[in-house]
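Each remark here refers to the structure printed beneath this line.
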Amino acid sequence: MAENENDIVSRRMRGLDRAFEILEFLRVKRQPMRPNEIATEIGAPRSSTYELVNLLLGHGMLDYQGGDGRVFLGRRLYFLGTAYAEQFDLMRECGRMLGVLAEETRETAQMCLLEGNKYTVAMMREGIRPFRISSNVGELVAIPWTASGRLLVAHLSDQEILDFIPPEDFILPNGRRLEPADFIAQVRQAAEDGYFTFNSEVENFTHCFAVPIRQADGASIATLCLVTPREDGLRNRTAYLDSLLKAAHEISEKLGFRSSKGRLFGS
């Protein structure tokens, strides 16, 4: 009897894992798909995929969209997301701070996170200038391609960083390979400086600024960023870093982080 009960629990856990995999796949794919297409893409049996899709449809986690039996993320997820946003102070505080940064600097401000072993923009406020720079919120990007990536893995050891980041992610958009040792050296320097800036590896006309939001133990759980036209970013580097560091310091303090270092770049 005990073995049968264990088998039931194990099957339910596998089913739950697969259901979350379906939801995550559609979030990343960002388009309605047929259940058989989903099964093929995630390497799952069609029968169990159809069963789970029907279950998720019944609970409002998926909705039919686009015809031909295609499904996408359901409206119930929206209500779950709004409940999460109401209670999670970090997201609400970052949303407020991004508005302040975008208005103060006139540049595009972002709050960025790790999603698994990738980087993603979680929130964004576009700058109030004729020439605007924006990114796709939720798009997964290789960590070494980003300024924030240097800060978000700084709490890991050198070997943990190498184990965490897929080897192919060190191939930059222009085809050049970033040596892992060079990346780790940049990570350590960024941790010492408390910020990282560089000319974007993704957009060749932009300059990126990133500063960490730290929790009580000092680990970076997110970053605040500015994405600027390259010349403007270099010309206003000190002022932009001051604004970012002040904003991140304020949020980090509310999360219980205390630092003995001066918070402003220009001080």
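From a predicted model like this one, the values you see are computed outputs, not experimental measurements. Numbering starts at 1 and runs along the sequence shown.
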request  = Answer yes or no: are there more than 12 heavy-atom neighbours, outside Arg75 itself, under 6.0 Å from its atom CZ?
outcome  = no
task = Flag yes if more than 12 heavy atoms outside Phe20 fall under 6.0 Å of its CZ atom; otherwise flag no.
result = no
ask   = Closest heavy-atom contact between Arg214 and Ala191?
value = NH2-O, 4.2 Å
key: Between CG on residue Leu255 and CD1 on residue Ile213, distance to nearest 0.5 Å   = 7.5 Å
query = According to a 4.5 Å side-chain heavy-atom criterion applied to Ile, Leu, Val, Met, Phe, Trp and Tyr, with indirect links allowed, do Leu57 and Phe79 form part of one hydrophobic cluster?
reply = no
message = Measuring from atom CG of Asp158 to atom CD1 of Ile184, what distance do you get when rounded to the nearest 0.5 angstrom?
response = 4.5 Å
remark   = What one should report as the nearest heavy-atom pair of Thr197 and Phe209 is CG2-CD2, 3.5 Å
ask   = Just wondering, are more than 12 heavy atoms of other shown residues or ligands nearer than 6.0 Å to OH in Tyr78?
value = no
task = Measure the CZ-OG1 distance between Phe198 and Thr206 for me, rounded to the nearest 0.5 Å.
result = 8.0 Å
request  = Could you please spell out the steps behind the salt bridge (Lys or Arg N to Asp or Glu O under 4.0 Å) verdict for Glu115 and Arg27?
outcome  = CA-CA 12 Å; Glu115 180 75 20; Arg27 184 190 75 82; 3.7 Å; yes
request  = Report the distance from atom CG of Leu224 to atom OG of Ser243, rounding to the nearest 0.5 Å.
outcome  = 11.0 Å
inquiry  = Between Arg188 and Ala154 (side chain of the first, backbone of the second, donor and acceptor by atom type, cut-off under 3.5 Å), is there such a pair?
reply    = yes
task = Measure the CG-CD1 distance between Leu52 and Ile38 for me, rounded to the nearest 0.5 Å.
result = 10.5 Å
message = Please tell me whether Leu234 and Leu241 are part of a single hydrophobic cluster in this structure, the criterion being side-chain heavy atoms less than 4.5 Å apart.
response = no
task = List for me each residue that meets side chain to side chain contact (heavy atoms under 4.5 Å, CB included) alongside Asp169, sequence neighbours excluded, and say none if there are none.
result = Lys118, Ala142, Pro144, Ile165, Pro166
message = Would a single hydrophobic cluster contain both Phe164 and Tyr119, if residues Ile, Leu, Val, Met, Phe, Trp and Tyr are joined by side-chain heavy-atom contacts under 4.5 Å?
response = yes
message = Between Asp68 and Arg70 (side chain of the first, backbone of the second, donor and acceptor by atom type, cut-off under 3.5 Å), is there such a pair?
response = no
ask   = Is the backbone N or O of Glu139 less than 3.5 Å from a side-chain atom of Thr120, with the two atoms forming a donor-acceptor pair by type?
value = yes
query = Within a radius of less than 6.0 Å around CZ of Arg76, do more than 12 heavy atoms belonging to other residues, nucleotides or ligands occur?
reply = no
ask   = Step by step, would you call Val153 with Phe183 a side chain to side chain contact (heavy atoms under 4.5 Å, CB included)?
value = CA-CA 11 Å; Val153 300; Phe183 174 76; 4.2 Å; yes
request  = Only pairs at least two apart or in different chains count here, so list each ring pair (Phe, Tyr, Trp, His ring centres under 6.0 Å) that has a residue in residues 30-72.
outcome  = none
ask   = What pair of heavy atoms forms the shortest contact from Arg150 to Ile143, and how long is it?
value = NH1-O, 4.2 Å
ask   = To which residues is Leu140 joined in a hydrophobic cluster, defined by side-chain heavy-atom contacts under 4.5 Å among Ile, Leu, Val, Met, Phe, Trp and Tyr, whether direct or through other members?
value = Val28
query = Who pairs with Phe257 by ring pair (Phe, Tyr, Trp, His ring centres under 6.0 Å), at least two apart in sequence or on another chain?
reply = none
query = So, for Ala39 and Thr49, which heavy atoms are closest and what is the spacing to 0.1 Å?
reply = CB-OG1, 3.5 Å
message = If you compare all heavy atoms of Ala247 against all heavy atoms of Met97, which two are closest, and at what distance to 0.1 Å?
response = CB-CG, 3.3 Å
By side chain to side chain contact (heavy atoms under 4.5 Å, CB included) - contacts of Lys254 (at least two apart) = Glu93, Arg96, Glu250
request  = Go through Thr146 and Leu152 one step at a time and tell me if the side chain to side chain contact (heavy atoms under 4.5 Å, CB included) criterion holds.
outcome  = CA-CA 10 Å; Thr146 70; Leu152 292 170; over 6 Å; no
task = Would you indicate whether the side-chain heavy atoms of Met33 and Phe25 approach each other to under 4.5 Å?
result = yes
task = Walk me through it: do Arg46 and Thr40 pass the test side chain to side chain contact (heavy atoms under 4.5 Å, CB included)?
result = CA-CA 8 Å; Arg46 291 190 179 186; Thr40 299; 4.2 Å; yes
query = Taking atom CD of Glu41 as the centre, does the number of heavy atoms from other residues, nucleotides or ligands within less than 6.0 Å exceed 12?
reply = yes
task = Spell out, yes or no, whether Val141 and Ile171 are grouped together once hydrophobic residues are joined by side-chain heavy atoms under 4.5 Å, including indirect joins.
result = no
query = Are any of the side-chain heavy atoms of Leu56 and Val53 separated by less than 4.5 Å?
reply = no
task = Taking only Lys NZ, Arg NE, NH1 and NH2, and the carboxylate oxygens of Asp or Glu, determine whether Lys29 and Glu37 approach each other closer than 4.0 Å.
result = no
request  = Kindly determine whether Glu21 and Asp17 satisfy side chain to side chain contact (heavy atoms under 4.5 Å, CB included), including the steps that lead there.
outcome  = CA-CA 6 Å; Glu21 186 178 4; Asp17 287 341; over 6 Å; no
ask   = Is atom CD of Glu179 surrounded by more than 12 heavy atoms (other residues, nucleotides or ligands) closer than 6.0 Å?
value = yes
query = Can you tell me how far the CG atom of Leu101 sits from the OG1 atom of Thr108, to the nearest 0.5 Å?
reply = 11.5 Å
query = Do you reckon Val71 sits in the same ILVMFWY cluster as Ile42, going by side-chain contacts under 4.5 Å, direct or chained?
reply = yes
request  = Applying side-chain hydrogen bond (donor to acceptor under 3.5 Å, both in side chains), name anything that partners Glu51, two or more places apart in sequence or on another chain.
outcome  = none
